[in-house]
Amino acid sequence: MDFLKDLNEVQRQSVEYIDSPLMVIAGAGSGKTRVLTYKIAYLIQKGWKPYNILALTFTNKAAGEMKERIAHLVNPAYARQVWMGTFHSVFAKILRREAEKISYTPTFTIYDTEDSKKIISDIVKRMNLDDKNIYKPTSVLARISDLKNNLISPAKYETLPNLISEDRYRKREHFVDVYKAYQKQLYRNGAMDFDDLLYYTNVLFRDFPDVLDKYQNLFQYILVDEFQDTNFSQYLSVKQLAKNHQKVCVVGDDAQSIYSFRGADINNIVTNFRKDFPQHKLFKLEENYRSTQHIVEASNAIIKKNKNQIPKKVYTNNSKGEPLFLYACTDENHEAHIIAKEILSLINKGADYSDMAILYRTNAQSRVFEDVFRKYQIPYKIYGGMSFYQRKEVKDVLAYFRVVINSKDEEALMRIINFPTRGLGDTTLEKMSNYAYDNQISLFELMQNVRLLQNELNISNKQTAVIENFVANIVGFRNNLFEQDVVTLAKEILDFSGIIKYYESSPTEENKERVLNIKELINAIEQFSATERTLPEEQTMNENQLPAFRTLEEFMREVSLLTSQDEKDVLNMSPKVLLMTIHLSKGLEFPYVFVTGLEEGLFPSSRTMFEDEIEEERRLFYVSVTRAKIRAHLSFAQKRFINGRSNYSVPSRFINELPQELISVQTDMPNRRQYISSDLDSSNIYFEKTNKTESPRKLVSVHQATKNNSEANYSAVQNKDLEKGHVIYHDKFGKGTILEISGKWPDSKAIVHFDAHGQKVLLLKFAKLEKIQ
DNA sequence: ACCGAATCACTTTTT
DNA sequence: GTGATTCGGT
């Protein structure tokens, strides 16, 4: 047990305490992962069976890293047996095992968002509803997801008048029909979406007490990472599993809860856990090992403004360090130039490109950094972005595999049925789809009987032959699913698909790239086939007799839950400055961090209207600053192109919330004239001549300048110009006419008559109104 | 079936 | 401004 000496007092207590439910509040950089991994190692050393430990994370990456670290502390064979993974992957394993209870097959397909949207789009079109505005697949899916995360089925929805009137209010009274049809289609396809994995697990636990009992006994100790980001559905499943033995440890930081827009509920960590586990013990990891004192102080000051939080005092014994650097910029181009220069100066001082990260609120902001960094020849890499497994050509190949495994998977089938082209046009497909839909059989079943139905379907001999051939091949592959190893079978299917030939027949750059990606996929399959089965259930439960080799079906199980961050470790590649959204930066750390675009309307986002949303933006700011180990650079621009038009904005209110003595304003621009347009220059208080480090007086002036501006202008500068009689547009309420304006800015209100929603009173500084006439 | 023009929409996104 | 999607012509 000597590894415990690596821990500080609270960390060690958090590791050793197992008597009752435990909540560990882990401030940024306080060694959270260390506590989790050591705790699991500790449990194992104490004699707990590794397969009786369940550790739930939010990313595969986090799970993988933890597994690796545990393997250094205990026998690696034990480390592998721990049930460690994302909520989704662990629950998917449970659901496959228990599939028949909820009348699914164990080989069900997991649909990604693209598949889901496609289904919704088809449904909306079939129902003759408007898919441009009211029933946009993205927003319908968002609402469905929201409901599922709160365990509200279509049937349950119909018992909740609030929800019904919400949709009626938005002229979406058929929403529940779409929801029903969507669930039905998923079921017919033998598929679940991401949220279903959580939803059905809860259903399973609710409706099958023996199943719940089984998993309560299996998971004798439960750990949850990033607890602040759990949604209702995730929390309930944990609560159910831990209900009897109460052996549960949740770790998280309420100050870093930044995913509420995806259903995460900060109250799980702030209040719910305490209420539901009254016997719990609470530890707070408050020593920060990551950042300088100034960074820690600044971040404490940021988060202090939030009301909804668990009190804590994060401190560090690290050196004081430098102040936070604040760059005032004229526009986004200027911002990128200043940062590029600062990067080069850091490089000159011996830093490495990989020591630096550029953080931004929205993905669109990355573009200008790319352009400017290319000019300065600064190597960079955008972290995140499209996953390898989301690329069209990869998804197409996977669609072939999906159909072989689960021929009911109609999304996959439709994707490949005529790609590459094999002479089945829209008309034929429509005839078949309609027939299948009307007769409630799957499209694949119909295709298997195409010869018999040829006359009824009114399709030609040629097409009938094509379909027969296609079906025969798929069935042949399916029969080999457990006879052939994954590599052999995958290559045969790929060959049959003709996708590579198709792309090679017109070798554009893009197509060559696609062929390479497909080869990369085969490469990944080969790597997978060399791995051994390490899932804990093989040790604990009777598995169906599996062949000695790895199967295609097993590969597909793993692939469906991978994301872009799970691919080759971008962080370990040749030194590059990393560009990413603040959301993606959570959990990472860098010596030098640039937090960019600190402007009202961008960060905090103009979409935020309510106090809790501002608090979430503030937590986002907290996350961004606490990524920095040595130095944090902040920047804002006066003018920025957003959505194709130039916007003037004022510095973010978050800048004012920082203690001014911790900030050094930088205007390191010997040739600043080239960036500053003359009309701005004279009135530009931010660009008073200063050099490297500011004198205190200048600091005050900047501080006040930002303060005055942001308080006066808040998010919607343009609203100042509104007058009685103007026709405006509002995101939620639509078109309306201003009947009256009252009060003095910034407290002025408008009474607006909306065409669709009648009269409303709006506070101008918050309401996002766009003048149309 | 495919290409180019027109149109649109647009925070964040661990699964 | 950009990228994705859809539509309409060949």
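Within every chain, numbering begins at 1; the chains are lettered A, B, ... in the order of the sequence lines, protein sequences first and strands thereafter.
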Q) Just wondering, do A/Ile582 and A/Phe603 contact through their side chains at under 4.5 Å, heavy atoms? A) yes

[X] [atom1] to [N] [atom2]: how many Å, rounded?
| X | N | atom1 | atom2 | value |
| --- | --- | --- | --- | --- |
| A/Asn231 | B/dT14 | CG | P | 15 Å |
| A/Arg645 | B/dC10 | CZ | P | 16 Å |
| A/Lys117 | B/dA9 | NZ | P | 13 Å |
| A/Gln228 | B/dT14 | CD | P | 16 Å |
| A/Ile582 | B/dT13 | CD1 | C1' | 14 Å |
| A/Arg262 | B/dT14 | CZ | C1' | 6 Å |
| A/Glu617 | B/dT13 | CD | P | 12 Å |
| A/Gln256 | B/dT14 | CD | C1' | 14 Å |

Looking at [N], I'd like to know if its phosphate oxygens (OP1 or OP2) sit under 4.0 Å from a side-chain N or O belonging to [X].
| X | N | result |
| --- | --- | --- |
| A/Asn363 | B/dT12 | yes |
| A/Thr581 | B/dT13 | yes |
| A/Asn418 | B/dA1 | yes |

Closest nucleotide among [options] to the [X] side chain:
| X | options | answer |
| --- | --- | --- |
| A/Thr59 | B/dT12, C/dG1, B/dT14 | B/dT14 |
| A/Phe261 | B/dA1, B/dT12, B/dT14 | B/dT12 |
| A/His583 | B/dT14, B/dA1, B/dT12 | B/dT12 |
| A/Thr421 | B/dT14, B/dT12, B/dC2 | B/dC2 |

Which part of the nucleic acid, if any, lies within reach of [X] when heavy atoms closer than 4.0 Å are counted: base, sugar-phosphate only, or nothing?
| X | result |
| --- | --- |
| A/Ser560 | nothing |
| A/Asp196 | nothing |
| A/Tyr259 | base |
| A/Glu332 | nothing |
| A/Asp229 | base |

Q. Where do A/Gln228 and A/Glu226 land on the side chain to side chain donor-acceptor pair (under 3.5 Å) test, with the steps shown first?
A. CA-CA 5 Å; A/Gln228 76 282 357; A/Glu226 306 279 15; 2.8 Å; yes

(Q) Can you tell me how the ring of A/Phe419 sits relative to the ring of A/Tyr503, calling it parallel under 30°, perpendicular over 60° and tilted otherwise? (A)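 Geometry flag for A/Tyr503 against A/Phe419: tilted rings.
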
Q: On the 0 to 90° scale, with breaks at 30° and 60°, tag the A/Phe273-A/Phe227 ring pair as parallel, tilted or perpendicular.
A: perpendicular

Q) Does A/Gln256 use its side chain to pair, donor to acceptor, with the backbone of A/Lys586 at less than 3.5 Å? A)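 A pair under 3.5 Å: no.
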
(Q) Has A/Asn150 got a side-chain atom pairing as donor or acceptor with A/Ile152's backbone, closer than 3.5 angstrom? (A)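 Side chain of A/Asn150 to backbone of A/Ile152: no pair is present.
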
(Q) Return whichever of A/Leu424 or A/Gly644 has its heavy-atom-nearest nucleotide of DNA chain B closer to the 5' end. (A)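 The residue whose closest nucleotide sits nearer the 5' end is A/Leu424.
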
Q) Hey, do the aromatic rings of A/Tyr104 and A/Tyr200 have their centres closer than 6.0 Å? A) yes

**Q.** Interatomic distance, A/Ile102 atom CD1 to A/Leu95 atom CG [nearest 0.5 angstrom]
**A.** 5.0 Å

(Q) Under 4.0 Å between a side-chain nitrogen and a carboxylate oxygen: does that hold for A/Asp115 and A/Arg415? (A)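 No.
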
Q.
Between A/Ser497 and A/Tyr502, do the side chains contain a donor N or O and an acceptor N or O under 3.5 Å apart?
A. no

Q) Quick one, which residues of residues 136-151 of chain A touch DNA chain B with a heavy atom under 4.0 Å? A)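 Those residues are A/Lys136.
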
**Q.** Spacing of the P atoms in C/dA4 and B/dT13 (rounded, Å)
**A.**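 Comparing P positions in B/dT13 and C/dA4 gives a spacing of 16 Å.
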
**Q.** Sequence-aligned protein contact record of nucleotides 3-10 of chain C, with B where the base is within under 4.0 Å of a protein heavy atom and S where only the sugar-phosphate is
**A.** S-------

Q: Would you kindly check if the NZ (Lys) or CZ (Arg) of A/Arg96 is within the cone defined by 45 degrees around the ring axis of A/Phe108 and under 6.0 Å from the six-membered ring centre?
A: yes

